[in-house]
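Okay, structure first, notes after.
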Amino acid sequence: MPLHTDPYHAASQEDRCSPRTRLTIPATLRASGGRAFQSVVHDLSISGFSAASINRMHEGQMCWLTLPGLESLQAEVVWWDNCIVGCAFSELLSPIVHDNILQRYSTTGVYRQSL
């Protein structure tokens, strides 16, 4: 059962208890005011992600993540360390979209069960 059932709860305020799944997804990342660049998402949850970032990104900066087959997802930079950035989505990722991404890219084979 999710910790927050309020659909208006901002992901940037999420308490990071959402399960994170380690995976490798080719993506495009663009910081506010910057140019898009190729990246790789290393982990993903409904509230955020971490990804490779060749460009220095700053806490509080807005960015947009584009995953294959999806529209850009707005997020806020939470941390940047040694070319890895951690971001919180501005709106929680749909559990259905999240599960579809996991099925496509995860190697663990562990997914939430449908109720």
Side-chain angles (χ1 to χ4, degrees):
M1 181 155 165
L3 291 175
H4 302 288
T5 55
D6 179 0
Y8 301 105
H9 183 81
S12 61
Q13 297 170 354
E14 189 71 15
D15 59 15
R16 293 185 48 94
C17 287
S18 298
R20 291 185 174 263
T21 303
R22 295 201 59 78
L23 33 66
T24 302
I25 305 174
T28 303
L29 194 57
R30 183 177 67 81
S32 180
R35 298 179 75 139
F37 58 90
Q38 295 300 309
S39 181
V40 175
V41 173
H42 296 297
D43 76 45
L44 181 73
S45 75
I46 62 169
S47 60
F49 64 94
S50 70
S53 174
I54 56 170
N55 301 333
R56 176 75 168 98
M57 298 179 80
H58 302 280
E59 186 177 326
Q61 187 174 27
M62 297 308 294
C63 63
W64 288 265
L65 176 72
T66 305
L67 298 170
L70 294 177
E71 292 186 17
S72 294
L73 302 165
Q74 184 175 330
E76 181 179 335
V77 175
V78 177
W79 56 266
W80 185 91
D81 183 41
N82 199 25
C83 296
I84 302 292
V85 66
C87 300
F89 290 125
S90 298
E91 294 183 19
L92 294 176
L93 194 59
S94 155
I96 294 170
V97 171
H98 178 262
D99 287 354
N100 285 340
I101 293 168
L102 292 189
Q103 286 179 330
R104 186 170 174 186
Y105 293 101
S106 177
T107 58
T108 64
V110 177
Y111 312 111
R112 278 196 300 273
Q113 294 181 348
S114 300
L115 298 178

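Fair warning: this is a prediction, and the values are worked out from it, not measured in the lab. Starting from 1, each residue takes its place in the sequence as its number.
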Go through it in stages, so that I can follow the logic: the residues are W79 and S50, the test is side chain to side chain contact (heavy atoms under 4.5 Å, CB included), and I'd like the CA-CA distance, side-chain angles, deciding distance and then a yes or no. CA-CA 9 Å; W79 56 266; S50 70; 4.2 Å; yes
So which atom in G60 and which in E76 form the shortest heavy-atom distance, rounded to 0.1 Å?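 Result for this residue pair: CA-OE2, 3.5 Å.
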I need the minimum non-hydrogen distance between R104 and P68, along with the two atoms involved.
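The answer is NH1-O, 3.8 Å.
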Do [X] and [Y] come within less than 4.5 Å of each other through their side chains, counting heavy atoms only?
X: N55; Y: V85; value: no
X: I101; Y: L67; value: yes
X: F89; Y: S45; value: no
X: S53; Y: F37; value: yes
X: I25; Y: V40; value: no
X: L93; Y: L73; value: yes
X: L29; Y: C63; value: yes
X: H58; Y: V77; value: no

*asked:* Taking T66's backbone N and O only, do any of them form a donor-acceptor pair with T28's side chain (distance below 3.5 Å, no angle check)?
replied: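 No, the answer is negative, given that no donor and acceptor are paired below the 3.5 Å cut-off.
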Full working for side chain to side chain contact (heavy atoms under 4.5 Å, CB included) between Q74 and M62: CA-CA 7 Å; Q74 184 175 330; M62 297 308 294; 2.8 Å; yes
Mind checking the [atom1]-[atom2] spacing from [X] to [Y]? Nearest 0.5 Å is all I need.
X: S47; Y: H98; atom1: OG; atom2: NE2; value: 8.5 Å
X: L65; Y: S72; atom1: CG; atom2: OG; value: 8.0 Å
X: D43; Y: T21; atom1: CG; atom2: OG1; value: 8.0 Å

Exercise for review: Test H42 against L23 for side chain to side chain contact (heavy atoms under 4.5 Å, CB included), laying out the working first.
Suggested key: CA-CA 5 Å; H42 296 297; L23 33 66; over 6 Å; no
**Message:** Counting only heavy atoms not in R56 (residues, nucleotides, ligands), do more than 12 fall under 6.0 Å from its CZ?
**Reply:**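 Yes, enclosed.
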Let me check something: do F49 and V97 share a hydrophobic cluster, defined by ILVMFWY side-chain heavy atoms less than 4.5 Å apart, either directly or through other members?
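Result: yes, single cluster for both.
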- Establish whether L44 and W80 are linked, either directly or via other cluster members, by ILVMFWY side-chain heavy-atom contacts under 4.5 Å.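 Result: yes, single cluster for both.
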| Given T24 and V41, is the side chain to side chain contact (heavy atoms under 4.5 Å, CB included) satisfied, shown in steps? | CA-CA 6 Å; T24 302; V41 173; over 6 Å; no
